[in-house]
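Chain naming here is simple, since letters A, B, ... match the order of the sequence lines and numbering starts at 1 in each.
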Protein chains: 2
Amino acid sequence: MDDSTGSRAKATAGGRRYHHGDLRRALLETAEAMLREDPSWQFTLREVARRAGVSHTAPYNHFEDKAALLAELALMGFDRLREACLAAMPGPGAELRAEYLAVARAYVSFGVENPGLYRLMFSQEAGAAVHENPRSRAAFGVMLEMLERGQREGLLRKRRVRSQAAACWAEVHGITMLTMDGLFRRETVGRKALDEALETLLEGLEP
Amino acid sequence: MDDSTGSRAKATAGGRRYHHGDLRRALLETAEAMLREDPSWQFTLREVARRAGVSHTAPYNHFEDKAALLAELALMGFDRLREACLAAMPGPGAELRAEYLAVARAYVSFGVENPGLYRLMFSQEAGAAVHENPRSRAAFGVMLEMLERGQREGLLRKRRVRSQAAACWAEVHGITMLTMDGLFRRETVGRKALDEALETLLEGLEP
DNA sequence: ACCTGAACACCGTTCAAGT
DNA sequence: ACCTGAACACCGTTCAAGT
């Protein structure tokens, strides 16, 4: 009944806003939803199109190929990761130590709560185009800037700030990935245990 | 000419030792070689079979499915990673600091030199079966044991050794992955810069 | 016990054709 | 400008059949 009323009817009224000119966005949202529902889902373009209610060739009007859709999705993930880290920053009066812990926790939480998306962001399928894009590095810029300020104010051990930033990024990225992979033992994955790991690095940053 | 001499001839003489009873090993070796030649290679079972000189269904006599071959390959990778870390350990008289740096460097080098294999080891395709297998955790056991000894001898900051081990694993894993992904800036990926990142964590381990 | 070839249900991508 | 359906060259996996 519903379908026979004509597939060309504008479904813009209230509900789904597919097929009305923003298929590009609809495809990205659909793909992300599927990734969230099943983080282990094997990404297929045809299934995204199916669920978005279009033919399996329609996506090619908006993305060069499957890799391009994946890349855009990954970049959106980096944007959101950055937002999550910024949102976690305490006010300007806070101590560096508290700031570091807040941002690091927010970073790890983002990954653990969005495992499918986070994995895609760092996957090979996303491709070099993603990792060369400033939007991906910007996600970690939040912490880099924090460390640079700490260095300026003499709150950190003297060392090249880029190396310290690399150590921080590697630490939170590593914790996120190994947690997602289930490679940490049960005693290690709790909030308290992860805090301890973050603090171990923190103590290497402090003078 | 070559092929018409009979495909059933024993090719065991000197060269390739395929089809003579160890196809399982041959498939694993072939797959690993292809991964080494092109780290971005999209793993297909049919191509492995083709290159190994058998029909595309032959692998099913030795592996339940594609995932099983991937899993075994990943476990072999963890074995070799462990060996690489053990081989890098200096003699029993060495200082903890030197030991830590040697093992950490060996770990990162293994990943950077075997990007395809390393990525597979931590990929989702390898599957939970891999990450639940003791062989995967054993790779990092080398460093865990080192830290436990350091704790016993009072050479480390007092803290739960498991958290320190988690921090170490996350650090080297993160450095390896981000280097492979090209997410570190040019100044960051040099040997000296990576040492600095490792030392940042080291200083958080030491009292 | 091990291997093959045909067969099935999928993919990603291209292209002529429609509006 | 955007979408569709048929078509092509692939996959992973199953299964009857061969030795």
Return the value, rounded to whole Å, for the distance between atom CG of A:Asn61 and atom C1' of D:dC2. 5 Å
Electrostatic pair A:Glu72:A:Arg135 at N-O distance under 4.0 angstrom: yes
Taking only residues two or more places apart in sequence or in another chain, which ones pass side-chain contact (heavy atoms from CB on, under 4.5 Å) with B:Leu194? B:Val108, B:Ile175, B:Thr179
In B/S/- notation (B base, S sugar-phosphate only, - none; protein heavy atoms under 4.0 Å), nucleotides 11-17 of chain D written 5' to 3' is SBBB---
What is the distance from CH2 of B:Trp41 to C1' of D:dC10, rounded to the nearest Å? 13 Å
Counting just side-chain N and O atoms, does B:His62 come under 4.0 Å of either OP1 or OP2 of C:dC3? yes
Please, what dot-bracket string fits DNA chain C when only Watson-Crick and G-U pairs with both distances under 3.5 Å count, crossing ones use [ ] and pairs to another strand use |? ||.|||||...|||||.||
In terms of side-chain geometry, is the basic nitrogen of B:Glu29 or B:Arg51 positioned less than 4.0 Å from the acidic oxygen of its partner? no
Name all residues meeting the salt bridge (charged side-chain N to carboxylate O under 4.0 Å, His left out) criterion together with B:Glu125; count only those two or more places apart in sequence or in a different chain, and write none if there are none. none
Please determine whether the number of non-hydrogen atoms from other residues, nucleotides or ligands lying under 6.0 Å from atom CD of B:Glu64 exceeds 12. no
Taking the six-membered ring for Trp and the full ring for Phe, Tyr or His, determine whether the centres of B:His173 and B:Phe122 are under 6.0 Å apart. yes
Non-neighbouring partners of A:Thr57 that pass side-chain contact (heavy atoms from CB on, under 4.5 Å), sequence neighbours left out: A:Ser55
Pairs under 3.5 angstrom only: tabulate donor-acceptor contacts from the side chains of residues 82-91 of chain A to other protein residues two or more places apart or in another chain.
from: A:Arg82; atom 1: NH1; to: A:Ala138; atom 2: O; distance (Å): 3.0

